[in-house]
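Side chains are part of it too, since the values below use all heavy atoms of this structure and drop only hydrogens, waters and symmetry mates. Fair warning: this is a prediction, and the values are worked out from it, not measured in the lab.
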Amino acid sequence: MDILMIQERISNVRGFEMGQLYIKDEAVYELAVAVMKATNAKSKTDAVRHALQDALKRAQETVPLRERVRELQDAVAAQRGPNPRPIDLKKISDELWED
């Protein structure tokens with residue numbers, strides 16, 4: 001039984017098409033090999049799969065910058081407490097423009 005027949009049977013059992021991993025970029029190929037060796041993956045496909053899963057997980061867990069800044073602003077505002085002396089900008093402006 002050749003490899004194509006085995007792949008066809010596996011794809012029929014699992015319900016998805018199975019294909020080979022083709023990497024045309026030499027630098028990407030070298031990265032896949034390095035990840036495979038570093039993680040003891042069975043194949044480059046496994047290494048790429050795990051790397052992509054990790055990247056997707058990190059992207060989904062990342063808090064947007066706007067939310068992180070808002071949290072910092074709220075923390076600083078909570079530490080400072082309410083402003084005891086509100087600034088009267090009109091009064092300051094009038095004082096600056098008086099002759």
Requested in this report: Determine, step by step, whether Val48 and Val35 satisfy the side-chain contact (heavy atoms from CB on, under 4.5 Å) criterion, reporting the C-alpha distance in whole Å, the side-chain angles of both residues, the deciding distance to 0.1 Å, and the verdict.
Outcome: CA-CA 8 Å; Val48 170; Val35 170; over 6 Å; no
Report task. Examine distances only and state if a side-chain atom of Ser93 and a backbone atom of Leu89 form a donor-acceptor pair shorter than 3.5 Å. Result -> no
Query - Nearest heavy-atom neighbours spanning Arg68 and Val63 - result: NE-O, 3.3 Å
**Report entry** Ile87 with Leu96, same ILVMFWY side-chain cluster at under 4.5 Å
**Finding:** yes
Report task. Spell out, yes or no, whether Leu52 and Ile23 are grouped together once hydrophobic residues are joined by side-chain heavy atoms under 4.5 Å, including indirect joins. Result -> yes
Mind listing the side-chain donor-acceptor pairs of residues 69-79 below 3.5 Å, one per line with the distance, residues two or more places apart or on another chain?
from: Arg70; atom 1: NH1; to: Gln73; atom 2: OE1; distance (Å): 3.3

Report task. Go through the steps to decide whether Lys44 and Tyr29 satisfy the test side-chain contact (heavy atoms from CB on, under 4.5 Å), and finish with yes or no. Result -> CA-CA 9 Å; Lys44 289 182 289 295; Tyr29 178 83; 3.4 Å; yes
Query raised in the report: Has Glu26 got more than 12 heavy atoms of other residues, nucleotides or ligands less than 6.0 Å from its CD?
Result: no
**Report entry** Contact summary for Asp25 and Ala27, nearest pair of heavy atoms
**Finding:** OD1-N, 2.8 Å
Query - Interatomic spacing from CE in Met36 to NE2 in His50 - rounded to 0.5 Å - result: 12.5 Å
Query raised in the report: When you look at Arg49 and Asp46, which way does the salt bridge (Lys or Arg N to Asp or Glu O under 4.0 Å) test go after all the steps?
Result: CA-CA 5 Å; Arg49 178 186 309 110; Asp46 283 343; 2.4 Å; yes
Report task. Give a yes or no on whether a salt bridge exists between Asp54 and Lys57, defined as a side-chain N under 4.0 angstrom from a carboxylate O. Result -> no
**Report entry** Distance-minimising heavy-atom pair for Ala41 and Ala47
**Finding:** CB-N, 3.8 Å
